[in-house]
Amino acid sequence: MKTYDALLQPVEKPLHTEVEADQLNVHSIETFGTHDGPGIRMVIFTQGCQFKCLYCANPDTIALKGGYWLDVEEIVQKAISQKPYFGKKGGVTVSGGEPLLHRKVLKKLFQRLHEEGINTALDSNGRLIDQQTKELLAETDVLLLDVKHINDDWHHRLTGKSNFNTLKVADYRESTGKRMWLRYVLVPGWSDQEEYLHELGQRFKDFTTIEKIEIQPYHKMGVHKWEALGMEYGLHGVEPPTQALLDKTVAIFKQYFREVKVN
Ligand code: SF4
C-alpha cells in the first residue's frame, strides 16, 4: 500500500519554474458546474494538495506530480467560449487539489478573466497565506473556504495538517470585505460533534463577508479511487450522515449564519 506521504513532496518545493509561469497544472475541467460557486460555472480542478483528508473524493488530485499543463490563455479562451452560458452570476471556479499551490499563475488567470468580464471563484482549504495568496484573493470575486474542522486536533486527524492557516485566510478575507462562502464536510463521528459545530458558528458569527455556509455530506463515492491508486482508505465503516444529523447540523448553523445550504 502506498501512503499519502509517499505521494507528497516537501511544502517548499516550487511548483512552477519561470518557463511554466503562464501555465497551470490541471487535473481536469468540468463544464456547466452548478455546485462550486454562484450560477453556472466552468470548474478547473488543479493538481496537488498538501492536506490528506481521510474522505477525499478525488485522491488522484493529491500528488503534486501529475495532471497536465495548460496555458493561461488557452483556459481564458475556453472560458470565453462558455461565457454565454454563465449568465449574470456564473463564471469560472478554480478548485483542487488545492489551488493556492498555484496562486502565482492563478492571479494571472483571474486578472485575464476579469478583463473578459468573467466572474472568478476560488475553492480552497486555505492552506497558504502569504503576499501571493493576498494578491490572488484580490482577484477572487467569491472565496469558497473549506473549513474541515474548527478543532485543531480533529483537523489534524482528518487532514494531517493544522487549521491555523485556514482560519488566518478567513480572517484576512473578512478584513478585505470581499465575498466568502464557507464549506463544511459533515462526517459522522469525525466532524459532527455538537460542541464543535457551535464553536465553528461562534468563531464566524460576526463575519460580515460570509454569505452562507454549505454543508457537504460525507459520501463514499471516492473509495474506489483510493483502491485504484493502491492507497489505504481511512474511513471504512463510516456511513453518510442521516437526515436527522443533517437536520440537527442545519439547525445549529442557522443560529450563526445568514444562509445554510446542504450541497
Ligand atoms: S483538501 Fe480537498 S483535495 Fe485536498 S485532500 Fe482534502 S478533500 Fe482532497
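Residue numbers start at 1 and run along the sequence shown. Start at 1 and go down the list; that is how both ligands and their atoms are numbered.
Residue-ligand proximity: N58 is placed with every non-hydrogen atom at 4.0 Å or more from ligand 1.
Contact check on K220 versus E239 returns a salt bridge, with a Lys/Arg side-chain nitrogen under 4.0 Å from an Asp/Glu carboxylate oxygen. Classification of R103 and D130 as a salt-bridged pair holds, one side-chain N sitting under 4.0 Å from a carboxylate O.
Under 4.0 angstrom from ligand 1, the non-hydrogen atoms of K148 all belong to its side chain.
For residue C53, no N/O/S atom approaches atom 4 (Fe) of ligand 1 to within less than 2.8 Å.
Within 6.0 Å of OH on Y68 lie more than 12 heavy atoms contributed by other residues, nucleotides or ligands.
Taking a cut-off of under 4.0 Å to the non-hydrogen atoms of N125, the atoms of ligand 1 that pass are 1 (S).
Ring geometry for W154 against H149 counts as parallel: the plane angle stays under 30°, on a 0 to 90° scale with 60° as the upper cut.
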